[in-house]
Structure formats: structure tokens, C-alpha cells
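A note on names: the letters A, B, ... follow the listed sequences, proteins ahead of strands, and every chain is numbered from 1.
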Amino acid sequence: MNYWLMKSEPDVYSIDDLARDKTELWDGVRNYQARNFLKSMAVGDIAFFYHSNTKPPGIAGLMTIHQAGVVDHTQFEEGNKYYDPKSTPDAPRWYTVVVAYERKFEHYISLDQLKATFSPEELQVVKRGNRLSVMPVDTETAKRLLTLTES
DNA sequence: GCCAACGTTGGC
DNA sequence: GCCAACGTTGGC
């Protein structure tokens, strides 16, 4: 079982939206490194839901990977924001997952708090200039993160 | 295959 | 709104 961190802008899709929807296709990732991480996710993995481009940015809650290795259908839809004319149904370029709501943290963990607790090596998201929207979190770091939510 | 121009992300 | 970081595109 692996841990991950996945970013979303709460104005677009937030932890509260996921709490309402219960499950959601994590579509629209169009970065190869992020896609490769999505591809290596397995059902039952745990992902931290990170709110980006908001004040303050930070981790809002937890989700689980509900379905793995899902083709992102938006790549085939002409006119869709995420349409990729170079991708075909025979050889899809973009894969993703379906996530399921787990819980919203009682105490939101702000980026400032993350920076105070973790080095950029321990938690990539605290690294300045990091634009990757999906990234792995090692087990030790994930456990420390979870204890932060209890205080 | 290099690299300048361009576009996007996302913190501040 | 600014801009640093950095991935992508396209001319050559």
C-alpha cells in the first residue's frame, strides 16, 4: 500500500465536493510524470488531498484509490478543455484513477505548517517551485503527516 | 537534437 | 497581479 499527494484547486474541486460526490474521476492531468504516478497507483492506496492556489494552500483530508488504471475519457472529447488530438482510443495517452472520499481533517494542515515540519526531500510539495500535481509520499512521512492532523 | 519562445502552475 | 520554475512546442 502506497501513499500519494494529489493537488486540486478548491475553487475547481475541493475536499467538500468529494465528500458530497463520494467518488470522482481524477481527470485532466496532462503531465507525463504525474501520469506515471497515477499509473502506478493501486486500489486501496491512500492519497492526501492538497488544496492548491488558495489561501492558505495545504492538505485538507484523505482519499483512497477506488479504481486504478482508468482511461481519462476527456482526452478523446473534442472541445473538452483536456482534449488531446494526438491521443486515440486504441492507444490512450492519459490514464488516471477514481478516488473515493475518506475524511476531511478536523485541522487543515497549511503549507506553512508542512514547511515547518518537513524538508523538501521528505515531502516534495514543500519544495519551492514544485508544480507536479501528483506525487508519492513515503510511508514514514505519511505517518508523521497523519499524527499532525491529531493535534 | 538544440534551444528560444511560449504556456501553465501555483506560491506569494 | 506578479513572477519563478519548468514543461512543451516548433523552427532550424
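Atom CG of A/Leu111 and atom P of B/dT9 are 18 Å apart (whole Å). Computed from coordinates, the A/His51 NE2 to B/dG11 P distance equals 12 Å when rounded to whole Å. Between A/Asp11 atom CG and B/dT9 atom P there is a gap of 14 Å when expressed in whole angstrom units. Distance A/Trp94 CH2 to C/dT8 C1': 10 Å, rounded to the nearest Å. Put simply, CG on A/Asp112 is 7 Å from P on B/dC12, counting in whole angstrom units. The CG atom of A/Asn53 sits 9 Å away from the P atom of B/dT9 (whole-angstrom rounding). Remark: C1' of C/dG7 and CZ of A/Arg131 are 6 Å apart, rounded to the nearest angstrom. Between A/Asn130 atom CG and B/dC12 atom C1' the separation is 16 Å, expressed in whole Å.
Side-chain proximity of A/Ser133 to B/dG10, C/dT9, B/dG11: nearest is B/dG10.
Residue order along DNA chain C, read from the 5' end via each residue's closest nucleotide, puts A/Arg128 first among A/Arg128 and A/Asn31.
For A/Asp72 and A/Thr74, the side-chain atoms include at least one donor-acceptor pair closer than 3.5 Å. Using modelled atom types, one finds no donor on one side chain facing an acceptor on the other under 3.5 Å when comparing A/Asp84 with A/Gln75.
Cluster membership for A/Trp94 and A/Trp4, using ILVMFWY side-chain heavy atoms within less than 4.5 angstrom, is not shared.
For the atom pair CG of A/Leu62 and CG of A/Leu146, the computed distance is 6.0 Å after rounding to the nearest 0.5 Å.
Here side chain to side chain donor-acceptor pair (under 3.5 Å) pairs that include residues 124-137 of chain A, with residues two or more places apart or in two chains, number zero.
Between A/Phe76 and A/Ser87 there is a side-chain heavy-atom pair separated by less than 4.5 Å.
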Open item on the list: Generate the contact string for nucleotides 1-6 of chain B. Rules: B means base contact, S means sugar-phosphate contact only, - means no protein heavy atom under 4.0 Å.
Closed with: ------

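Put simply, the side chain of A/Thr141 never gets that close to the backbone of A/Val137: no donor and acceptor are under 3.5 Å apart.
Using a 4.0 Å cut-off, no side-chain N or O of A/Lys127 falls inside it from OP1 or OP2 of B/dT9. Residue A/Tyr82 has no polar side-chain atom (N or O) positioned under 4.0 Å from OP1 or OP2 of B/dT8. Under 4.0 angstrom from either OP1 or OP2 of B/dC12 there lies no side-chain N or O belonging to A/Lys55.
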